[in-house]
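Because the structure is predicted, anything quoted here is derived from the model rather than measured. What you see below is based on every heavy atom in this structure, not just the backbone, and it leaves out hydrogens, waters and symmetry mates. Naming convention: chains lettered A, B, ... in sequence-line order (proteins, then strands); numbering from 1 in each chain.
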There are 2 protein chains.
Amino acid sequence: MIRLLLADDQALVRGALAALLDLESDLEVVAQVGRGDEVLDAARSSGADVALLDVEMPGLDGIAAAAALHRELPACRALVVTTFGRPGYLRRALDAGASGFVVKDTPAEQLADAVRRVHAGLRAVDPDLAIASLAVGASPLTERERHVLALAAGGGTVAQVAAEAFLSEGTVRNYLSAAIGKTGARTRAEAVRIAQENGWL
Amino acid sequence: MIRLLLADDQALVRGALAALLDLESDLEVVAQVGRGDEVLDAARSSGADVALLDVEMPGLDGIAAAAALHRELPACRALVVTTFGRPGYLRRALDAGASGFVVKDTPAEQLADAVRRVHAGLRAVDPDLAIASLAVGASPLTERERHVLALAAGGGTVAQVAAEAFLSEGTVRNYLSAAIGKTGARTRAEAVRIAQENGWL
DNA sequence: GGCAAGCCATGACAGATGTCATGGCCACGT
DNA sequence: ACGTGGCCATGACATCTGTCATGGCTTGCC
């Protein structure tokens, strides 16, 4: 019997996944949480074998939660389940020590298989996404560029971003310009969109 | 026995919801689709009593699908189930003839109740969201302003938007300026973000 | 008809944005 | 030690954006 932990901020989806997985005779949902920062404690106290983690969660995102699990509780494997098949997410999830990565587009029948593969010590990765990840590659942005672009993503002006990042306005403009060039965008807003789609923020 | 149609583009969520609802003795999932433009046909051929519609779907969004159902097949009630609790969505869904509106944050137990209420001819609406919808009110944007802002949301330059909308650049700037003013934003990007959060696009 | 209100459309102008050239600093290979 | 390449930081300049004033058009209301 494989013991499962579910982490997803949408209660309806969490409950529905629990119902789906409980139908399998060899699977058992032993814990459910709605925040990333509750994953570690819940995994410890429930003795889960596999944790299904959504990427988008309050408190701590699913990738950071996977990293924490891998470090503190390596016996509990992490399987990241996400809405958005952004290539950068896959790479970051694997770097964080996740054993599997599944998009919510995949047929329901394959989820239980992915859980079993992960529990057996194998990897479970969406093949299409793996190819896309290779094609897109790692983020071309430097740390400062990423940071400034993330601040600008909120829609604030250069002056606001400069104040938040403790940089001069000219420097902020320069980083944004570099980010625009590297993403192949023509405006700041387009650069934000492209970076988000690729999971670079 | 209430007959259900599920429409959600994420196969995993769709399957999981089906598993959850099939656990209820008085509910039966008779059809599942992954695109909005397949809803009407599926509802007709399956004779569903209630349709659970996600808002974000390819082909036709859930709100438009609800409108089509209401017009062509009034015997089948529409219950909109969405990830994003954007106030504008609720208003537009009700205008389109939907009988209920549920956010995916709500506890799983309440979904079956919402289905039963809708089937009984009652309305099922998230109370918090109803209040938020009243507070935000309808979109302050005119049709042209909304259209131009939606085009600009992609991150394109004014010249590109002007070409797509067959307007002069000055006019496009004027609409964007009006949209920025009405949303209380300070930049175009911020106006896009605010409009999206309120479901005005 | 006369009039006000609202939407559509445009151009001129001030201010914000994106590009470029420049320079300091650090790590790396020779 | 020296040069190379990469990242960080800044200011000057051309371009683009957002604001404003203006006018035509339709709609609804005395």
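- Heavy atoms only, all atoms of each residue included: A:Val39 and A:Ala7 are closest at CG2-CB, 3.8 Å.
- Between the axis at the start and the axis at the end of the helix from C:dG1-D:dC30 to C:dT30-D:dA1 there is an angle of 20°, using five pairs per end and rounding to 10 degrees.
- Contacts classified as salt bridge (charged side-chain N to carboxylate O under 4.0 Å, His left out) and involving residues 6-16 of chain A (residues at least two apart or in different chains) are given here: A:Asp8-A:Lys104.
- For residues 118-130 of chain A, there are no salt bridge (charged side-chain N to carboxylate O under 4.0 Å, His left out) pairs, not counting sequence neighbours.
- Using a distance-only test at 3.5 Å, with no hydrogens or angles considered, no donor-acceptor pair links the side chain of A:Glu197 to the main chain of A:Ile194.
- Put simply, the side chain of B:Thr183 gets close to the backbone of B:Ala179: a donor and an acceptor are under 3.5 Å apart.
- In terms of modelled atom types and a separation under 3.5 Å, the side chain of B:Ser46 and the main chain of B:Ala42 share a donor-acceptor contact.
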Nucleotide N/O to protein N/O under 3.5 Å, stretch nucleotides 4-6 of chain D:
none

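- Pairs of residues two or more places apart, or lying in two chains, that qualify as salt bridge (charged side-chain N to carboxylate O under 4.0 Å, His left out) and include a residue from residues 140-167 of chain B are B:Glu143-B:Arg146, B:Glu145-B:Lys182.
- Side-chain atoms of B:Ser177 never come within 3.5 Å of backbone atoms of B:Arg173 as a donor-acceptor pair (strictly under, hydrogens ignored).
- The backbone N or O of A:Arg193 sits nowhere less than 3.5 Å from a side-chain atom of A:Gln196 that would complete a donor-acceptor pair.
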In residues 74-81 of chain B, what donor-acceptor pairs under 3.5 Å come from side-chain atoms, sequence neighbours left out?
none

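- Heavy-atom distances under 4.0 Å link DNA chain D to A:Leu167, A:Ser168, A:Gly170, A:Thr171, A:Asn174, A:Tyr175 of residues 165-180 of chain A, given in residue order.
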Side-chain polar contacts of residues 47-71 of chain A - donor-acceptor pairs under 3.5 angstrom, sequence neighbours left out - could you list them?
unit_1: A:Asp49; atom_1: OD2; unit_2: A:Arg3; atom_2: N; d: 2.8
unit_1: A:Asp61; atom_1: OD1; unit_2: A:Ile63; atom_2: N; d: 2.8
unit_1: A:Asp61; atom_1: OD1; unit_2: A:Ala64; atom_2: N; d: 2.8

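- Within the 4.5 Å cutoff, the side chain of B:Leu149 has no heavy atoms near those of the B:Tyr175 side chain.
- In this structure A:Asp113 satisfies the side chain to side chain donor-acceptor pair (under 3.5 Å) test together with A:Arg116, sequence neighbours excluded.
- Atoms CD (B:Gln160) and P (D:dC16) sit 12 Å apart, rounded to a whole Å.
- A:Arg86 meets the side-chain contact (heavy atoms from CB on, under 4.5 Å) test with A:Phe84, A:Tyr89; sequence neighbours excluded.
- For DNA chain C, the outermost nucleotides in 5' to 3' order that have an atom under 4.0 Å from a heavy atom of chain A are C:dT17 to C:dC20.
- Scanning residues 144-153 of chain A for heavy-atom distances under 4.0 Å to DNA chain C yields an empty list.
- Put simply, the side chain of A:Leu5 does not reach to within 4.5 Å of the side chain of A:Val30, judged on heavy atoms.
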